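One structure is given here, and the rest of the page talks about it.
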Amino acid sequence: MTQKLWQIEEFPFHPERLNHYETLFTIGNGYLATRGSFEEAYKGGISTTMVHGIFDHAEGALVPELVNAPNWLPINITIDGTPFQLINQNDSTLKPKNGAVVGYRRILMLDKGILRREVLFRAESGSIVRLVFERFASLHDEHLMVQRLEITAVDGNPQIEIKSSIDSDVSNVGIKHWGDIQAEAGSSYTSVSAKTIQSGYGIAMASTLRATSNKANVEFTTRNGQPSANTHFQLQQEDSIEFLKLTSVYTSRDGDNPLQSAVAKLGEAASATYESLVTPHINEWATYWKTSDVQIEGDEGSQLAVRFTQYHILIAAPRHDDDVSIGAKTLSGTGYKGHVFWDTELFILPPLSLGQPKLARNLLMYRYHRLAGARNKAKANGYEGAMYPWESTDTGEETTPSWGDPQPDGSRIRIWTGDSEQHISTDIAYGILQYWRYSGDNNFLQQYGAEIVLDTAVFWGSRVEWKNERYELSQQIGPDEYHENIDNSVFTNRMTVWHLEQALALLEWLKTNAPADAERLTTQLDLTPKRLDHWRDVIAKMYIPFDEDKQIHVQFPGFFDLEYIPVPHYEPRTMSVQAILGHHRSIQTQVIKQADVVMMTALLGDELASKDVLMNNWNTYYPRTDHGSSLSPAIHAWVAARLGLDDLAYYLFEHAAEIDLKDNKGNVKDGIHGAASGGLWQALVFGFCGLHITPDGNVAVAPRLPKHWKQVSFTIYFKGKEQEFTITNTP
Ligand code: BGC
């Protein structure tokens, strides 16, 4: 195993990429995640810790958001009176004040979930120290965050001061969510507790700092209302000292007294060593990787990118909580306010359904617990059944903002997705059935999943409109969000047919395999013979826009009457064609934001149409797509691979692999693109490897690996058992 294929490295220091690297170097454990901000804070840094489930709706804000928790990282160091800094806060030359950084390297160890930074720093006095920082959010004990600091006097005998604290003066890009803040210093720890202002969630953190030898005493005091752990000592040349900072975190979602729990947790860890904490953490990571790694031989860049993206999904996936889900930007930034979209079920979930079924089940249970919100939404809109919100938070109510941020001229654009992007209900059903087929988790299906699949089918049955002697769906937004409130989005109409077919088949399955559940759900959801006949009628008579002459699916009627813009002519561009043309113009054109008909091809494969039609669809829609959404390239790579467009598939795969690592669009500061991460895995496993379930219920591959790859191997869970695949490329 080559170690560098498990490492993201920053060498040397890139101050201009501060925010980009903060996102890339996020650590987490499914309970919380913390961006790769430094222990000593910098202006312009976006230091963020997100704890799952803690949402708050600030006064005056359109929607609630996931809250930035107090910052547990701060460790400030002074060497012979010179503050250790990488960047001078008041000087644009980016040289630290009075000191100099003479060596720097940072690595994220993807296999171990540890972030490590090594710095050589020369103080004004001339003393040179080596500082090694390591941090991890324990995967073994999700309430425990660990930092290790090793200081070595490389030259001179420096006097060193250290101040460690928890910073509760935090915000979400300026919006404050914490009230009732109490900060204290005990005899061996400092603590902070606070409550979110509107929603009333409590949080508590307790933190301790100790030297692992008796070379330094640590005192816990409160100065100017700020509790901190402080120490000062002298190091002799070539001598080293090591500190351990442990921080425990609890919220009111974990129990009634988060502060008591946080303090107790520190007590439990009182005699722990770094080794004793890191070993079980690393072991848990090794267990994750057994069924989450995909080994690619012959392409180091792709190998690293796939591991990097899987790492980010794993640190965001709740392990012990089935009442939270993963937002579009995972837990690694404030983008999309921590809201949960279709990104979760159709993009992020599949690698978990196949690699970590327990984690996948947690995510799906989040939707089960929010059936009430989905039913409310259906009712409020005059429909039956369950209609899931396009954007979801803790409450399960629709939380899509109705208006965008102000444009340069002060105007705001109406956001229609919360009203019209209704395919989310089917996307959730798709995620459930895919999870079930791979995991064989009948218990989940019978107890929870079936209710979602069936009640969302009830919604569609009530949603369809009988018009022009056929069923239609008006006022939709398909995956291509550039075209809003259109009638008969082919994606939505076709996926609705698929959904109703699946619902009928599921009911039959339940009648045979779990008759009591079939009966219970039939009564509870009012699945009368009349309703089921109606579903059959919709399946038979739904309008699927199709051009018989051209043998293509039509994204929506009228699409080809819009102005044609050859998207390839806009290369090399650094922004979406929509951004170039502007919102109002691009609506009038055939420019597509992301895989739409192509998305339907990825989901339904050969079931959708003949190979000829699928190829015609590709040739029609690919040149019109500007990939304005990061969700798009990986899905295109997947479909291109299945269509045998090998070179194009690899080109698109590389594009998807670079989204976060290269930050081509400059928005990675807002967080990891979770869906693109899950999409990359699907392009690899479903696209290049062609993993599928055969008609007789087994799992098989149908590989089309990029020509220069030597071998791909991975292990998944299939019906509860590990199944290994090794695909060797035959030249
Ligand atoms: C995409 C959606 C996606 C959302 C969150 C939008 O730009 O068009 O498909 O769900 O971002 O990632």
Side-chain angles (χ1 to χ4, degrees), residues 4 7-27 34-47 71-91 93-109 112 114-136 146-165 209 211-212 215-216 231-245 274 278:
K4 72 172 187 190
Q7 283 179 1
I8 303 295
E9 187 183 63
E10 181 191 22
F11 173 77
F13 179 45
H14 284 287
E16 77 291 356
R17 292 200 155 228
L18 190 66
N19 297 146
H20 176 206
Y21 280 124
E22 280 179 327
T23 300
L24 299 191
F25 288 144
T26 299
I27 53 154
T34 297
R35 287 165 63 81
S37 311
F38 295 110
E39 283 74 5
E40 65 293 348
Y42 295 103
K43 254 189 225 157
I46 313 172
S47 182
N71 177 14
W72 53 277
L73 297 176
I75 301 178
N76 291 288
I77 306 167
T78 308
I79 321 284
D80 286 335
T82 306
F84 162 62
Q85 293 181 323
L86 302 172
I87 307 170
N88 183 347
Q89 306 285 36
N90 306 312
D91 177 356
T93 61
L94 301 175
K95 292 265 170 11
K97 194 177 176 192
N98 306 331
V101 175
V102 293
Y104 176 94
R105 189 165 80 117
R106 189 155 56 143
I107 50 171
L108 177 64
M109 302 174 215
K112 303 189 178 83
I114 299 173
L115 179 64
R116 178 183 169 94
R117 171 169 62 136
E118 295 168 44
V119 189
L120 277 167
F121 183 75
R122 182 169 51 221
E124 193 180 9
S125 63
S127 294
I128 298 177
V129 292
R130 174 197 304 283
L131 302 163
V132 181
F133 299 85
E134 282 189 359
R135 74 169 79 135
F136 63 91
V146 179
Q147 285 164 280
R148 189 173 84 108
L149 165 64
E150 191 188 52
I151 310 178
T152 308
V154 174
D155 198 13
N157 305 315
Q159 291 283 350
I160 297 174
E161 280 177 48
I162 297 178
K163 179 177 165 190
S164 155
S165 57
L209 179 81
T212 59
K215 291 176 199 162
T231 180
H232 58 92
F233 52 90
Q234 182 169 27
L235 270 189
Q236 302 303 317
Q237 185 154 331
E238 289 185 17
D239 212 0
S240 290
I241 186 165
E242 185 192 71
F243 290 91
L244 203 52
K245 176 175 179 180
Y274 187 75
V278 82

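All heavy atoms count here, side chains included; hydrogens, waters and symmetry mates do not. All values derive from a computational prediction rather than experimental measurement.
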Whether Glu22 side chain and Gly36 backbone form a donor-acceptor pair below 3.5 Å: no
Nearest heavy atoms of Pro158 and Ala153, plus distance in Å: CD-CB, 3.7 Å
Side-chain touch Leu108/Ile27, heavy atoms, less than 4.5 angstrom: yes
Criterion side-chain contact (heavy atoms from CB on, under 4.5 Å) against Arg130, the qualifying member of Val119, Val154, Val102: Val154
Test: Arg117 cationic atom under 6.0 Å from Phe133 six-membered ring centre, within 45° of axis: yes
Exercise: identify the closest heavy-atom pair between Ser164 and Leu209: CB-CD2, 4.0 Å
Listed partners of Thr23 passing side chain to side chain donor-acceptor pair (under 3.5 Å), at least two apart: Arg35
Verdict with reasoning, Glu242 to Tyr274, per side chain to side chain donor-acceptor pair (under 3.5 Å): CA-CA 10 Å; Glu242 185 192 71; Tyr274 187 75; over 6 Å; no
Centroid-centroid distance, Phe233 to Phe243, less than 6.0 Å: yes
Spacing of CG belonging to Asn157 relative to CD belonging to Glu238, to within rounding of 0.5 Å: 10.5 Å
Any Asp239 side-chain heavy atom under 4.5 Å of Lys215 side chain: yes
Taking every non-hydrogen atom, the tightest pair across Ala123 and Thr82: CB-OG1, 3.7 Å
Distance, nearest 0.5 Å, that separates CD1 of Ile162 from CD1 of Ile241: 7.0 Å
Smallest separation among heavy atoms of Trp72 and Lys245, with atom names: O-NZ, 3.0 Å
SB check Arg135 Glu39 (cutoff 4.0 Å): yes
CG on Leu115 to CG on Leu24, rounded to 0.5 Å: 11.0 Å
With a cut-off of 3.5 Å and sequence neighbours excluded, list every side-chain donor-acceptor pair involving residues 73-80.
unit_1	atom_1	unit_2	atom_2	d
Asp80	OD1	Gln159	N	2.7
Asp80	OD2	Ser125	OG	2.6
Asp80	OD2	Ser127	OG	2.8

Under 3.5 Å: donor-acceptor pair, side chain of Ser47, backbone of Ser37: no
CZ/Arg106: more than 12 non-hydrogen atoms of other groups inside 6.0 Å: yes
Neighbour count above 12 (heavy atom, 6.0 Å) for His14 NE2: yes
Test log, rule side chain to side chain contact (heavy atoms under 4.5 Å, CB included), inputs His20 and Glu10: CA-CA 11 Å; His20 176 206; Glu10 181 191 22; over 6 Å; no
Point-to-point distance, once rounded to the nearest 0.5 Å, from OH of Tyr104 to CG of Leu120: 13.0 Å
Distance, nearest 0.5 Å, that separates CD of Glu40 from CG of Leu86: 5.0 Å
Verdict with supporting geometry, Phe84 and Val129, side chain to side chain contact (heavy atoms under 4.5 Å, CB included): CA-CA 10 Å; Phe84 162 62; Val129 292; over 6 Å; no
Arg116/Glu118 ion pair, N-O < 4.0 Å: yes
Straight-line distance of Ile87 CD1 to Tyr42 OH, nearest 0.5 Å: 6.0 Å
